[in-house]
2 protein chains.
Amino acid sequence: MIEHSEAPSSPNRAQSDSGKLIREITDDGESPMEDTRDTSPVTMATLAKRVGVHISTVSRALQEPRQHTTNKTTLIIRELADQLDFQPDATASRLRTRRSRLIGVTVPSLTDPVHATTYEGIDKQALRRGYSTMLSMSANLDDRSPSRANSLIRSRVEGIIIQDTFEGDLLPATLRKRHIPYVMCLRKNDDEVSVAVDDLLGGRLAAEHLAAAGHTEIAIISPDSSVSTGRDRVEGFRRRMLELGTRIDDSRIVPAGFDIASGQRAAETLLDWPKLPTAIFASNDLTAAGIMFRLREAGITIGRDVALVGYNDIEISKHLPVPLTTIASPLHEVGARSLDTLVEAIEGRTPRSLKLTPQLLARESTLAFAPVNA
Amino acid sequence: MIEHSEAPSSPNRAQSDSGKLIREITDDGESPMEDTRDTSPVTMATLAKRVGVHISTVSRALQEPRQHTTNKTTLIIRELADQLDFQPDATASRLRTRRSRLIGVTVPSLTDPVHATTYEGIDKQALRRGYSTMLSMSANLDDRSPSRANSLIRSRVEGIIIQDTFEGDLLPATLRKRHIPYVMCLRKNDDEVSVAVDDLLGGRLAAEHLAAAGHTEIAIISPDSSVSTGRDRVEGFRRRMLELGTRIDDSRIVPAGFDIASGQRAAETLLDWPKLPTAIFASNDLTAAGIMFRLREAGITIGRDVALVGYNDIEISKHLPVPLTTIASPLHEVGARSLDTLVEAIEGRTPRSLKLTPQLLARESTLAFAPVNA
DNA sequence: CTGAAAGCGCTTACAG
DNA sequence: CTGAAAGCGCTTACAG
């Protein structure tokens, strides 16, 4: 039952392109029709009743807004939907179609700028491709078991991007058993499909930079060896150093976390050494920052007394008291490509792992030791 | 049809507390029963058929795990559910109960540590209270219109925490029309219910600190006056300064964004002034950091040549080249209390706005101007 | 093109 | 206590 009107009741409201096919209906009682002035949300049934068609017709009319429909009924339905600002219930369509258009993402924490940036890349690309993301933050769960993804599984995400994996992680096996596609992001895990930075190369770049300046007395500060990023960065660094003639003993590797505070603690360890190294490779920028802060307190000048290289190039790195030489990681890109890779898997293809290329950025923290052949 | 077994087929799998009431059924074809070796996820119907009860009995058995049930059927159902690692379909229960247990959160960006910390507080408290959160990041939408919450609305979130509101924001009105509860977080907006830091007080604290050191030539760098935080901090600062005898002219307020880069640009503006101020109040730490970096490049020593006060006390603030005096905000707490307040609204009560108290942290960036009466 | 029907996987009054 | 039925709001073959 449609009423065409010459004069819309609210002339100052924006009109849709399809014109004023039906009179405006507001939810504050202006409509002459019964049982519509309620508070419950508009559904397709509401629209169907209003327009006088079957609900399945409404559903079809609202699907994939093909630009140039001349079908009058479709236009009428769409205009009413616009007017009422109808938002279809995704819960219902998810249940019915068995496609949630939801991507789960597990992250360790978002206060770490590395993970926040990567996640932002994931979410942006997800939106672009018609998905929404749902987060599970380990930091808020203190649970590294596979159950950290349970809320995502219950929401029937179509796939999961695992940004917080570690050695011995049982989540991949759990998801495989459930036939839920997943991709490792940032960190790798055995033979699982992953999108990450080429951390072996990153480590090599750092080694070459320091070796070129003649360093042989070197310390490595590496956050958590149970995580692939730390492992690979250290391994690439040591191997390349060895190729270039310097063997770095295990005793010269100081473990640390991913934050400023643990960098400061690592620096204290270094200060206890009989002799300070001439160069330090920290496999994380925040850790490097902590080292810098603590050593400065001890009166040591970074870049002159000791060279320091970080990893990732987060925003503050170039602004530290001594601008930090670091290995720049394309974090946003890692996120976006993870999403693409996961979508491939969801669509039934067999994606391959991706290694994105890092780049050395030389700054003042290694300035006094500029490469001989630069 | 239940089969009790003396010897479970996989003795090395963890057993639930209720004992080995039924023989273990795996999904790799060991079960003698038909149509269960498929790939589709386990549903309550699966469990019901397996145990030989009606699906409604399964649903009841799995609800609110009352610890001490002696009901044998219930225990059997629960054990089977455990064994199969059954995760009920939240999509279905959301549709049926019309309660999603989902909270929407709109944020401007998560690479801003202020918003990341606040969101972490929200999510943690949500988990504690049985909710999950769903994000909508304006940074990934370039859309400040109410439609930025559409995906949350379609997912039928029970309420929304708005962390990215601004002057003229139409989202609150949209949500009110839809009867979706919401709370402003961090930022305020007219008479809307909000959980925020007392920014007027924060501004006053900064003013008192600088006034006590005798400053009268002051510049204010404020990120975006369309946002309540910037407005209130500046207003509190100016008012208190006026009470203490110093009028700060509009011409001494330099607009800026929320990041390091815009702080640097603001500093360039200051450098163009005929005379540098003796003190700067930046209503955001990252902005303050940018100012510090740029002024240092120009050979100006923060803390001696010019005093600098920031706002929020993010982690790096104490580690800047000159440790930053700032107004510490309880961001995690703001997040947690926002969630509580929203849940109050969801439960039909009428929550009131909350103002959390900030605190001044004096550091070296204002050291040379230590308060006379400190 | 549109209508009618069935069903996604749950939950919950209602009987028994 | 358990079973049977209805229904949440959609979508989609199937007829016409």
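Order of the sequence lines sets the chain letters (A, B, ...), proteins ahead of strands, with each chain counted from 1.
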Non-neighbouring partners of A/Thr97 that pass side chain to side chain donor-acceptor pair (under 3.5 Å), sequence neighbours left out:
none
What one-letter contact string describes nucleotides 6-12 of chain D from 5' to 3', where B marks a base within less than 4.0 Å of any protein heavy atom, S marks contact via sugar-phosphate atoms alone, and - marks no contact?
BBBBBBB
Scan for salt bridge (Lys or Arg N to Asp or Glu O under 4.0 Å) pairs involving residues 124-136 of chain B, sequence neighbours excluded, and state none if there are none.
B/Arg129-B/Asp340
In residues 341-350 of chain A, what donor-acceptor pairs under 3.5 Å come from side-chain atoms, sequence neighbours left out?
{"from": "A/Thr341", "atom 1": "OG1", "to": "A/Arg337", "atom 2": "O", "distance (Å)": "2.7"}
{"from": "A/Glu347", "atom 1": "OE1", "to": "A/Arg349", "atom 2": "NH2", "distance (Å)": "2.2"}

Donor-acceptor side-chain pairing of B/Ser155 and B/Arg94 below 3.5 angstrom
no
Scan side-chain atoms only and decide if A/Gln83 and A/Asp85 contain a donor-acceptor pair under the 3.5 Å cut-off.
no
Any residue meeting side chain to side chain donor-acceptor pair (under 3.5 Å) with A/Thr57, in chain and number order, not counting sequence neighbours
none
Hey, could you give me the OG1/CZ distance between A/Thr91 and A/Arg156, rounded to the nearest 0.5 Å?
13.5 Å
Secondary structure string for DNA chain D (Watson-Crick or G-U under 3.5 angstrom, | for other-strand pairs):
|||.||||||||.|||
